[in-house]
Amino acid sequence: MSNRRKFIAQAVLGALGISVGRPAGAIQPWSNRGAKPPPTVLSTWNNLPANKKAWKVIKKGGRALDAVEQGVRLVEADPDDMSVGYGGRPDREGIVTLDACIMDEEGNCGSVCFLQEIKHPISVARLVMEKTPHVMLAGQGALQFALENGFKRQNLLTPQAAKDWEEWKKESHYQPVINIENHDTIGMLAIGQDGHISGACTTSGAAFKLHGRVGDSPIIGAGLYVDDEVGGAVATGLGEAVIKTAGSFLVVELMRQGLEPQAACEEAVRRITRKQKGFEEFQVGFLALNREGKVGAHCIHPGFVYALTREDTHEVATASSFM
Ligand code: ASP
């Protein structure tokens, strides 16, 4: 387009109140300077006990980072939760492999993926963040690091998960599950009394996945992203779909540009449904929390619920959906 035509087009759009082609650097860091956001704990699925655990930390004036770590550890240790930590369903070789990441208010982050035989990958991820110059450790290296730092090796395959695997082997048919109510990856965001935000995400990933498969949950920007100036986001559902759209980073960046958390989650889901074939067959859900304490929750298929804690009230709410 010639400069003149471009100028006219911009003038017309400008008159209509539509902004085009912001000059570089024009997006101002957005933050709620002034009023502090309300202390909050927000997590994927029906994880009220995890929220309550995190809330105890916040109530005592603890860091949001400690709150999210403590909160998700509860789910990692729960043998009845078959998508996270101990008791998680194994891959197609019958091996439980875990992914987790954590991010604090300063943008520090740590992650482990394809970790085996360690019950609390979130705490290993935190140590990666705090004790190494790296962000992410994988597989054998992550295990070695965990053992060197005092974590104990243990068998994570529970009898129930082994039974499910035996059952699955009869057909050996991998199909992404559209929705697994109440038992799924836990992604958690929290705002402490000091107004700062942190997040954590932990999972055993897709059940009966290929050995070596890593999903979105340990990937900063996909399963989790936090920017203290703006807010945070977490994702659950088919990790491959979330990675392809850098989902949590996208939600946070949309909020930075002025979208409310709900609108940001809706736009991220729309990005997936517009660009990725087969979305009718899989689920993705996003949660967002901004610096004002506003919450957003949206998913592709109905059925995604989340837990919200504030001022001692703990509630489970249902996210809106695209379908
Ligand atoms: N996002 C996780 C993964 O793909 C799984 C889930 O949330 O259910 O590994």
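Note that ligands are numbered from 1 as they come in the structure, with each ligand's atoms numbered from 1 the same way. Bear in mind that the values here come from a model prediction, so they are computed numbers and not experimental data.
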Output yes when the distance from some N or O of ligand 1 to some N or O of [X] is under 3.5 Å, and no in every other case.
| X | value |
| --- | --- |
| Gly239 | yes |
| Asp216 | yes |
| Gly237 | yes |
| Glu240 | no |
| Arg213 | yes |

Practice item. Say whether, by atom type as modelled, one donor and one acceptor occur between the side chain of Asn51 and the main chain of Ala307 under 3.5 angstrom. Key: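 Flag set: sc Asn51 to bb Ala307 pair under 3.5 Å.
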Point to revise | Ser320 backbone acceptor or donor facing His298 side chain under 3.5 Å | key: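 Such a contact is found between His298 side chain and Ser320 backbone.
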**Study point:** Results of side-chain hydrogen bond (donor to acceptor under 3.5 Å, both in side chains) for Asp194 - residues two or more places apart only
**Key:**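 Asp194: no side-chain hydrogen bond (donor to acceptor under 3.5 Å, both in side chains) contacts found.
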Review point. What's the spacing between Lys152 NZ and His120 NE2 if we round to 0.5 Å?
Key: 13.0 Å
Check your understanding: With sequence neighbours excluded, what pairs up with Glu260 under the salt bridge (Lys or Arg N to Asp or Glu O under 4.0 Å) test?
Key -> Lys294
Ligand-residue contact atoms, ligand 1 with [X], heavy atoms, under 4.0 Å:
| X | value |
| --- | --- |
| Gly205 | 9 (O) |
| Thr236 | 6 (C), 7 (O) |
| Ala206 | 9 (O) |

Review point. Any chance the side chains of Thr202 and Glu76 put a donor and an acceptor closer than 3.5 Å?
Key: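 Side-chain D/A pair, Thr202 to Glu76: present.
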Practice item. Decide whether the shortest distance between a heavy atom of Ser217 and an atom of ligand 1 is less than 4.0 Å. Key: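 The answer is yes, since Ser217 has a heavy atom less than 4.0 Å from ligand 1.
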Point to revise | Any Lys209 heavy atom less than 4.0 Å from ligand 1 | key: no
Exercise for review: May I ask you to test the Asp228-Val226 pair for a side-chain heavy-atom distance under 4.5 Å?
Suggested key: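 The answer is no; the side chains never approach within 4.5 Å.
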